[in-house]
Amino acid sequence: MSSSPSLPSSAVAPSASAPRLAGHALVEALIAQGVDTVFGVPGESYLAVLDGFHEHREHGIRFIACRQEGGAAFMAEAQGKLSGRPGICFVTRGPGATNASIGLHTAFQDSTPMVLFIGQVASDQRDREAFQELDYRQMFGPGTLGFAKWVGEVQDADRLPEYVARAFHTALQGRPGPVVLVLPEDMLTQTTAAPVLPRVQAAQSYPSPAALAELRERLLAAQRPIVIAGGGGWTAESCAALQAFAERWQLPVGCAFRFQDLFDNAHPLYAGDVGIAINPKLAQRIKEADLVIAVGPRLGEMTTGGYTLLQAPRPAQTLIHIHAGAEELGRVYAADQMINASMSCAAQALASLPVPEAVSWSAWAQQAHADYQGNLQPQPVSPLDMAEVVKTLGRRLPEGTVFTNGAGNYSGWLHRFHRYTGLQRYGRSQLAPTSGAMGYGLPAAVAASLLQQDRWVVNIAGDGDFLMNGQELATATGYGARRLICVVVDNGTYGTIRMHQEREYPGRVSGSDLYNPDFAALALAYGWRSARVERTEDFEPALQAAMAAPEQPTLIHLRLSSDVSTSRSSLSAIRAAAEQRLAAPKS
């Protein structure tokens with residue numbers, strides 16, 4: 001049935017089950033799940049849902065209209081990271097869904113809960129290659145590697161609340177991740193009296209007493225243990241429990257690729273980040289460890305140095321792998337012990353393990369932190385020193401500032417020189433794609449600014465990275481983003497590609513040079529403040545000016561040398577040293 005019913009002028013309360021449009025019922029279901037903000041690009045395929053947002057606007061739920069579906073999906077992914085609940089994105093069929101797929105893939109690889117709602121052609125037009133028609137089960141389904149945990153299509157309006165609840169359960173349960181719900185246009189205009197379902201909470205799984213006893217025995221037998229923390233599903237309480245476990249057992253803790261905010265980087269047991277351009281001393285420490293306790297990470301390519309720090313499928317080290325997703329355990333690594341447990345329960349159980357009177361590896365743990373601190377000492381670069389830029393940001397901005405980035409060589413400066421204070425104190429403060437998706441940082445920063453307006457948010461973007469979603473500057477302006485700073489690092493090249501190109505095909509540059517606009521002038525056109533910086537000493541005054549005007553976002557355009565070897569000399573040295581050590585044959 002495609003005709004709209006006669007609806008009362010007053011909004012239907014989310015708890016009601018009076019007949020209303022299915023599109024309105026969908027918004028009520030989101031409100032029942034605690035959702036107050038969704039991101040998307042409007043489309044004619046889900047007009048009934050847009051009308052539902054208008055109908056229920058007094059309940060505080062808002063639709064943030066973005067400028068491209070990729071940006072909208074990245075914003076929803078960032079929302080999932082910040083809240084621990086599914087981030088919500090709405091896109092229209094066909095081009096809208098394909099544009100949004102980059103955010104879906106990022107959520108999958110980052111283990112971030114997210115629900116992508118896709119408008120679909122009307123049911124009586126299916127399987128005719130109607131306008132913008134796609135088969136989303138085939139496109140995103142479980143048979144494909146790395147898009148969605150589940151794809152559902154709602155054919156019956158009366159079952160819509162059931163599907164929404166299942167989507168939230170699936171996104172949150174086990175290893176968190178993205179879910180796709182497909183919404184036929186005619187279904188959304190049907191009437192339904194189906195009641196919404198209660199707020200979903202993920203079931204928690206606790207390690208068995210036998211597993212904990214075995215883990216403790218392996219730990220007592222070790223001489224050089226190390227913990228690697230990462231993955232999704234962490235809370236302030238579980239991060240605090242992880243820290244307590246490390247303190248009680250004097251264990252060095254490294255954070256998996258782009259999960260640096262799970263453990264206080266200033267803590268005397270912090271060993272550094274285990275990812276791209278890893279500190280060579282930390283890489284060697286992991287190789288020399290006799291016990292690795294991986295709490296939460298998938299142990300993917302970036303965290304394992306291309307599966308070399310931990311040899312796949314059978315590492316030289318004793319490996320205890322703790323993960324919330326049973327399907328992840330044993331998929332790549334034949335670990336010595338596999339524990340299927342939620343992060344909240346696993347960390348709490350580890351913190352309560354009985355501790356011996358003394359451990360033999362205290363000096364090993366202390367040296368791990370000393371190595372991390374030693375890696376914070378840069379070699380000055382002129383005229384614009386990116387290490388000093390990152391340190392200035394950390395020094396001038398308050399603790400708990402959210403930092404975002406996409407992909408590119410520039411991100412190595414942030415990963416190496418910024419010190420995250422730990423999720424247990426302020427919530428997530430690092431929003432970065434483990435999928436390596438370019439264009440993520442700016443949309444993520446806009447989302448963070450709109451969702452948590454009491455916190456400062458800083459996006460550091462490369463020039464190539466920034467222009468992939470630079471149009472979302474308009475979204476920030478239109479919706480009143482505040483305490484938001486974007487730092488664009490402009491060296492006129494796709495730096496990572498150029499680095500590899502010069503290594504593999506020296507002197508044969510092709511396709512990696514960029515023609516860039518005046519980023520400072522571009523920001524002004526979008527209603528932002530802006531500044532241009534070409535010398536290190538000019539950055540701090542520009543940052544102070546931005547902080548003095550928190551009600552208006554600011555873009556700071558950093559002009560680096562177009563000579564690639566000069567603009568990233570220190571970072572290239574870091575990467576080269578790491579690659580040489582990882583590639584060196586074992587003695």
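The aromatic rings of F519 and H557 sit perpendicular to each other, their planes meeting at more than 60°, with 30° as the lower class boundary. Between Y307 and Y333, the ring-plane angle classifies as tilted under the 30° and 60° cut-offs. Using bins of under 30°, 30° to 60° and over 60° for the plane-to-plane angle, the ring pair F245/W249 lands in the tilted bin.
Looking at heavy atoms from C-beta onward, V179 lies out of side-chain contact with M114 at the 4.5 angstrom threshold. With contacts defined as side-chain heavy-atom distances shorter than 4.5 Å, the pair Q452/D454 qualifies. A 4.5 Å side-chain heavy-atom check between K391 and P378 finds at least one atom pair inside the cut-off. Using a 4.5 Å heavy-atom cutoff, the side chains of V274 and I286 are in contact. No side-chain heavy atom of T401 sits under 4.5 Å from any side-chain heavy atom of L393. The closest side-chain heavy-atom distance from Q430 to H415 is below 4.5 Å. For the pair H321/I339, no side-chain contact is recorded, criterion being any heavy-atom separation below 4.5 Å from C-beta on. For the pair Q79/F39, a side-chain contact is recorded, criterion being any heavy-atom separation below 4.5 Å from C-beta on.
Judged by distance alone, the side chains of W528 and T554 never bring a donor and an acceptor atom under 3.5 Å apart. Under the 3.5 Å distance criterion, with hydrogens and angles disregarded, no donor-acceptor pair is assigned to the side chains of S344 and S238. A donor-acceptor contact closer than 3.5 angstrom is absent between the side chains of T434 and R258. For the residue pair T112 and E77, a side-chain donor N or O sits within less than 3.5 Å of a side-chain acceptor on the partner. With hydrogens and angles left out, the side-chain atoms of E540 and T392 include no donor and acceptor closer than 3.5 Å. Remark: the D463 side chain and the Y410 side chain contain no N/O donor-acceptor pair separated by less than 3.5 Å. Between the side chains of Q33 and R85, at least one donor N or O sits under 3.5 Å from an acceptor N or O.
Considering only residues two or more places apart in sequence or on other chains, D264 meets the side-chain contact (heavy atoms from CB on, under 4.5 Å) condition with Q243, A266, H267, R425.
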Working for side chain to side chain contact (heavy atoms under 4.5 Å, CB included), residues K287 and L309: CA-CA 6 Å; K287 287 185 172 184; L309 298 181; 4.1 Å; yes
Verdict with supporting geometry, I320 and V292, side chain to side chain contact (heavy atoms under 4.5 Å, CB included): CA-CA 6 Å; I320 300 175; V292 175; over 6 Å; no
Audit row: L558, F539, side chain to side chain contact (heavy atoms under 4.5 Å, CB included) steps and yes/no: CA-CA 8 Å; L558 304 187; F539 178 74; 3.9 Å; yes
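One N or O on the side chain of Q250 and one on the backbone of E247 form a donor-acceptor pair closer than 3.5 Å.
R428 forms no cation-pi arrangement with W234, by the criterion of a distance under 6.0 Å to the ring centre and an angle within 45° of the ring axis.
When the options R175, R298, E328 are evaluated for a side chain to side chain donor-acceptor pair (under 3.5 Å) with S111, the one that passes is R175.
With salt bridges taken as basic N to acidic carboxylate O contacts below 4.0 Å, none links K149 and E327.
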